[in-house]
Amino acid sequence: MSNYNPQEIEPKWQQKWEADGLYHADIDPTRPKHYALTMLPYPSGDLHIGHWYAMTPSDARARFMRMKGYNVLFPIGFDAFGLPAENAAIKDGIHPKIRTYQNIERMRKQLRSMGAMWDWRREAISSDPEYYKWTQWFFIQLYKHGLAYRKMAPVDFCPHCNTTLAREQVWGEDRHCERCGTPVIKKDLEQWFFKTTAYAEDLLSYEGMDWPERVRVLQTNWIGRSEGAQVQFPVADEQPSVTEKLNTEHCPPITVFTTRPDTLWGATFMVLAPEHPLVDILTTPEHKAEVEAYKLQAARQSDIDREAADKEKTGVFTGGYAINPVNDARIPVWIADYVLMTYGTGAIMAVPAHDERDFAFARKYGLKVIPVIQPEGEPLLDGDTMEAAYIGPGRMINSGPMDGTYVSGKGHADTGMQKVIAWLEERRLGAKAVSYKLRDWLISRQRYWGAPIPMIHCPACGWNPVPESDLPVLLPEDVEWRPTGESPLKLHPTWKETTCPVCGGPAERETDTMDTFMCSSWYHLRYLSPWYHQGPFDPKEYDYWMPVDTYTGGIEHATMHLIYTRFFHKALRDMGITKGREPMTQLRNQGMVLGEDGEKMSKSRGNVVAPDDLVNRYGADTVRAYLMFFARWDMGAPWSYAGIEGTARWLRRLWALVTAPAGPAACSDQTRRVLRRRVHQTLRQVTRDFEQFEFNTIVSALMELLNEMTKAKEAGAYGTPEWNEAVDIYLRMLAPVCPHIAEELWERAGRTYSVHTQSWPSVDEEAAREEEIVIPVQVNGKLRDRITVPADATEEQIQAAALASEAVQKFTEGKPPKKVIIAQKKLVSIVV
RNA sequence: GGGGAAGUGCUGGAAUUGGCAGACAGGCAUGACUUAGGAUCAUGUGCCGCAAGGCGUACGGGUUCAAGUCCCGUCUUCCCCACCA
């Protein structure tokens, strides 16, 4: 008998599986398919324990599904474009391409050490020209369908990374860069956007999707749908300045979005965002200086400063007036930075009596407060003496024709509200409207290491896409990296020079590259056929494998990648490129492995756990099993070196139990029956836990069964048919968790290669059934005894046995029971 | 300020969803084997109590024969969003 030596058996089996193509997934119409996808890694250099934590249970689940009879596709690749490689290049001069592909080579080796069932033939790398050719092609499709457009926009800009950031890449109260932690600044740039907002409504539906509630809530809040009305407020007093500036008699009305049209009669002033286009027109000469100063200050102010103001509202009067369309009241127009140009229409009607922010502003600047919603059973509200805005339900007052209408207050689009909207629509003063917080996706990045945006600008013909036959637009390799804030492609002497695809005249390429979330929005499609050249994917492969059945990854992508990829799928679907409502049917998120100190792992803290070291010391199987065992997968936990010993011990004991010889079989029928029962009970639980992604209890159930088997072996069960079945089923259950030791022991047990092509055993319910059951007996809610009865005992028999118990009689003190409850044969409860 | 998740031994965590709280591990203690052990095995390990027994799932109430699980309130921690009209 040899000792368990993972360093010997693991590479051996990995090589054999690879050589045999054991994990190749090919179209097979005779079997149901299962597309198991785990989020692809960024090639940072070394595989992190977090990658193991995310990927090995996903692999185990994919293996389980395969044994269940599914044709399982479990692919892998690299999200290889991105900032870190380029930032490193600026620092040490190593070309991002060289570094990235070196890292990929290194990480491939590390990934292989997991023993996962990846089909490496389907590997896709987003920085390969054959890959980003299609990323560019998708951009052009989106452009052609009006979903990509260019506009000047104030963007968040990281002065350290020298690039723009999407809204979701700006983190924290100090609004710092997701990658480097530097506080971001605002900058005005011409940028490319995708119209994600066109799909806001579609993205809010999760019909038919098995996604965690948590992710759905995060996405729903992120999309931020509000119902209300748009209302036009005409500008009052056509001033000479207005007609002059506009060259027309009439100034356009100020349009506002409100969720409280029922409070329209209480609108006593208006507030525009400082950037609002009507500000200049409305501002009177005597207020011009003040308004200009405020605008300048607001523009200069970073968002940090706005926060630091501790929500103290500031603003200035423009001197202009608007007319409240419902009651013709002449109301002043102010500007204030608490109104955001990026939400709604960039202008609000202020109803201080019923909105907290407007109330604070009105009190600060002495503006009128008119209550229009009266809470029932309360003294009449008085605008001069109110101490806070009233946002609750009540009846409309001071509202002319609407007086007496009941409304439910903030956040309720009730019938009262509908009535007001209908009234507005009848008079063409406004209309029902929906507003979203979601903004269009800014995809331009002023960086080198990304997919070039395939657009050409011609002085005569404007912007046009690169002809599809010219794709890919290749990244030049001879570039310089300088932290200038401009794309290195712009500084390249010749790269941007090209000809216009329309007129043939001299033209310039777009020098920005695409946000890497663009690359990762469709990688699950490239995996289908990375060898395919006629399109982004082979439709045959698509029709067989899509949609993704199980998608696993971190929750941090809830409002980024997971929204983008859904948008992408839906946009492509409407172009006839993809099919179905959604790209990923089921989603499961793992938690995070923290350092031993309970803090997030980081090099600077020195609490990083290197999986390579663990594999060298314990073997991949132990690391896999421990990562599944030591925490609830969806929760994560701090790492513990102490805990892994227990898992290592378990596999050593298993090895010894299966490989050590034993005497001839000589054991009771009872021992054999009990062994078989335990095996099938464990199988039942493990099957259920795999289905529900509860990996920690899979391992603990296998540990328990090993303890039972050890006892059975001591009782002489070795060599019996029950023993052989136990080993057989045990190794099959172990195979998804610890593929190497399962394969080795399977071979040593004399079974045919490979354990991984075996089917998942089915539970023999008859064998799993208990013959006798132990039922706890409570008297007045307190546990007093346990009785043992045959499993098929009737409730009457159980009750009789319970009442006959000495311990029970002692506590009932001879009194007749008032009530006896037998709960699903699990417990007897006696009340006296 | 809004939304969400969680709170169980010394530690990680179980509890088949209202039915024996603490499975399985780690740690610790005692013992065995050993020149040695980052090896192995055995036993014990929620708290109080000599015991009978009592008490125990953040805290306070409630529903129920029965509550870690359901309801109401409070506290703590973490995550996300945050002037969103």
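Reminder, nothing fancy here: chain letters follow the sequence lines and each chain counts from 1.
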- Note on the structure: Per atom distances to the Lys782(A) side chain, the nearest of rC24(B), rC55(B), rA85(B) is rC55(B)

- Message: Rounded to whole Å, how long is the line connecting atom CD of Glu227(A) with atom C1' of rA85(B)?
- Response: 15 Å

- Message: Considering every strand and a 4.0 Å limit on heavy-atom distances, what is the contact class for Ser640(A): base, sugar-phosphate, or nothing?
- Response: nothing

- Query: Taking O4'-C1'-N9-C4 for purines and O4'-C1'-N1-C2 for pyrimidines, is rU17(B) syn (within 90° of 0) or anti?
  - Reply: syn

- Message: Using a 4.0 Å heavy-atom cut-off, does Ser226(A) contact any base of the nucleic acid, only the sugar-phosphate backbone, or nothing at all?
- Response: sugar-phosphate

- Query: Within the structure shown, what part of the strands sits under 4.0 Å from Lys410(A) by heavy-atom distance: base, sugar-phosphate, or nothing?
  - Reply: nothing

- Query: To the nearest Å, how far apart are Arg652(A) CZ and rU40(B) P?
  - Reply: 4 Å

- Message: Using the ring centroid of each side chain, check whether Tyr626(A) and Trp639(A) are separated by less than 6.0 Å.
- Response: yes

- Task: For the pair Tyr206(A) and Trp211(A), name the ring-plane relationship: parallel under 30°, tilted 30 to 60°, perpendicular over 60°.
- Result: tilted

- Query: What is the distance from CG of Asp355(A) to P of rC83(B), rounded to the nearest Å?
  - Reply: 13 Å

- Task: Over 60° means perpendicular and under 30° means parallel, so classify the ring planes of Phe695(A) and Phe690(A), tilted if in between.
- Result: perpendicular

- Message: Once you apply a heavy-atom cut-off of 4.0 Å, does Asp358(A) come out as touching a base, just sugar-phosphate, or nothing?
- Response: nothing

- Message: Classify Arg216(A) by what it touches in the nucleic acid, base, sugar-phosphate, or nothing, heavy-atom distance under 4.0 Å.
- Response: nothing

- Considering only atom P, compute the distance from rC78(B) to rU8(B) and round it to an integer number of Å. 15 Å

- Query: Roughly how far apart, to the nearest Å, are rA82(B) and rC72(B) at atom C1'?
  - Reply: 29 Å

- Query: Can you tell which of rC24(B), rA25(B), rC20(B) lies closest to the side chain of Arg653(A)?
  - Reply: rA25(B)

- Task: May I ask you to decide if the ring planes of Tyr365(A) and Phe361(A) are parallel, tilted or perpendicular, using 30° and 60° as cut-offs?
- Result: tilted

- Using the C1' atoms only, state how far rA29(B) lies from rA36(B), rounded to an integer number of Å. 22 Å

- Item | Glycosidic class, syn or anti, of rG49(B) using a 90° window around 0 | anti

- Note on the structure: Protein-proximity profile, nucleotides 10-17 of chain B, B/S/- by nucleotide at the 4.0 Å heavy-atom cutoff, equals --BSS---

- Note on the structure: The Watson-Crick or G-U wobble partner of rC78(B), with both key distances under 3.5 Å, is rG4(B)

- Pairing of Glu691(A) and Arg688(A) as salt bridge, 4.0 angstrom limit: no

- Message: Could you tell me how far apart Leu654(A) (CG) and rA25(B) (P) are, to the nearest whole angstrom?
- Response: 13 Å

- Query: Just how far, in rounded Å, is P of rC24(B) from CE of Met703(A)?
  - Reply: 11 Å

- Message: What I'd like to find out is whether the side chain of Lys600(A) reaches to under 4.5 Å of the side chain of Met592(A), using heavy atoms alone.
- Response: yes

- Item | Distance-only donor-acceptor test, Lys437(A) side-chain atoms vs rC81(B) base atoms, 3.5 Å | no

- Task: Looking at every strand, decide which applies to Ile821(A) at a 4.0 Å heavy-atom threshold: base, sugar-phosphate, or nothing.
- Result: base

